[in-house]
Amino acid sequence: MSISENIKRLKQEIPESVSIIAVSKTRSGEEIMEARHAGQLSFGENKVQELKAKKELLPGEIDWHFIGHLQTNKVKFIAPFINVVHSIDSIKLLAELNREAEKWNRSIDCLLQFHIATEETKFGLNFPEAMAILTSPAFAGLNNIRISGVMGMASFTDDQHLVHREFRALHEYYVRLKKEFFNPDQDFCEISMGMSGDYRIAIEEGSTMIRVGTVIFGK
Ligand SMILES: *Cc1c(COP(=O)(O)O)cnc(C)c1O
């Protein structure tokens with residue numbers, strides 16, 4: 001199957017309301033352009049240098065998302081063009097994104113990354129940590145970032161019940177934050193969950209945004 005066929009098949013399979021972020025890390029400019037020509041607009045990268053190089057290389061309009069762990073000292077390289085950062089895990093990172101976005105007179109959408117997997121290795125916040133960010137005095141003054149939702153990664157496992165539970169937990173965090181903090185803010189509306197191996201489960205549990213590489217670009 002070609003990249004364009006994979007995109008077409010995926011679009012037919014999932015609800016129209018769920019957006020697709022094509023995860024293009026390690027993929028070539030040619031592969032990205034093939035997906036772009038098949039109508040895919042949003043792409044996700046997890047390394048700053050790789051993203052910056054691709055941004056400079058590729059022509060035309062691309063909606064870039066950052067999905068990996070982001071160090072504050074690298075924010076300046078992507079702030080001029082990044083539209084969504086999925087991996088917010090501290091007020092320090094938000095403040096730096098805000099500072100750099102302000103320089104470029106832009107607004108950057110940010111998703112709070114939650115730790116939902118049982119594995120120790122994955123980054124992310126727990127609920128009290130997220131609330132601490134949102135209620136901190138520093139947060140109130142950030143006018144060039146917008147918290148538009150939550151993101152999480154499930155455990156890498158064959159246990160589908162566990163994956164369901166983890167995605168359900170992220171959905172519940174989203175609902176609680178919306179109710180306790182954002183209501184009735186329409187901007188807080190995204191649940192970024194689901195990768196190639198588990199996007200069907202994620203959609204069943206309320207995902208609004210799937211981040212998929214392998215199902216689009218192959219192994
Ligand atoms: C690599 C990656 C994905 C996509 O993984 P696939 O299994 O290729 O779909 C999604 N989200 C994050 C954060 C990633 O690093």
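Just so it is clear, the model here is predicted, and its values are computed rather than measured. Counting convention: from 1, in listed order, for ligands and their atoms alike.
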Measure the acute angle between the ring planes of H86 and H65, then classify it against the limits of 30° and 60° as parallel, tilted or perpendicular.
-> tilted

Qualifying residues under salt bridge (Lys or Arg N to Asp or Glu O under 4.0 Å), relative to R106, sequence neighbours excluded = none

Please write down residue, atom name and distance for the protein heavy atom closest to atom 12 (C) of ligand 1.
-> I67 CD1, 3.5 Å

Aromatic rings F43 and F217: how do their planes relate, parallel, tilted or perpendicular, breaks at 30° and 60°?
-> tilted

Donor-acceptor pair between T208 and E190 side chains, under 3.5 angstrom = yes

Residues at least two apart in sequence or cross-chain that pass side-chain hydrogen bond (donor to acceptor under 3.5 Å, both in side chains) with D187, listed by chain then number, are R146

Would you mind finding which of R211, M195, K25 brings a heavy atom closest to atom 14 (C) of ligand 1?
-> K25

Any side-chain donor-acceptor pair under 3.5 Å between E166 and S155?
-> yes

Nearest to atom 8 (O) of ligand 1, what protein heavy atom do you find, and at what distance?
-> T214 OG1, 2.7 Å

Short N or O distance, G213 and ligand 1, threshold 3.5 Å exclusive | yes

Mark up the atoms of ligand 1 that fall under 4.0 Å of a heavy atom belonging to V212, in ascending order.
-> 9 (O)

Short version for V23: what comes under 4.0 Å of ligand 1, heavy atoms counted, is side chain

What's the shortest distance from atom 9 (O) of ligand 1 to any protein heavy atom, and which residue and atom give it?
-> S196 OG, 2.5 Å

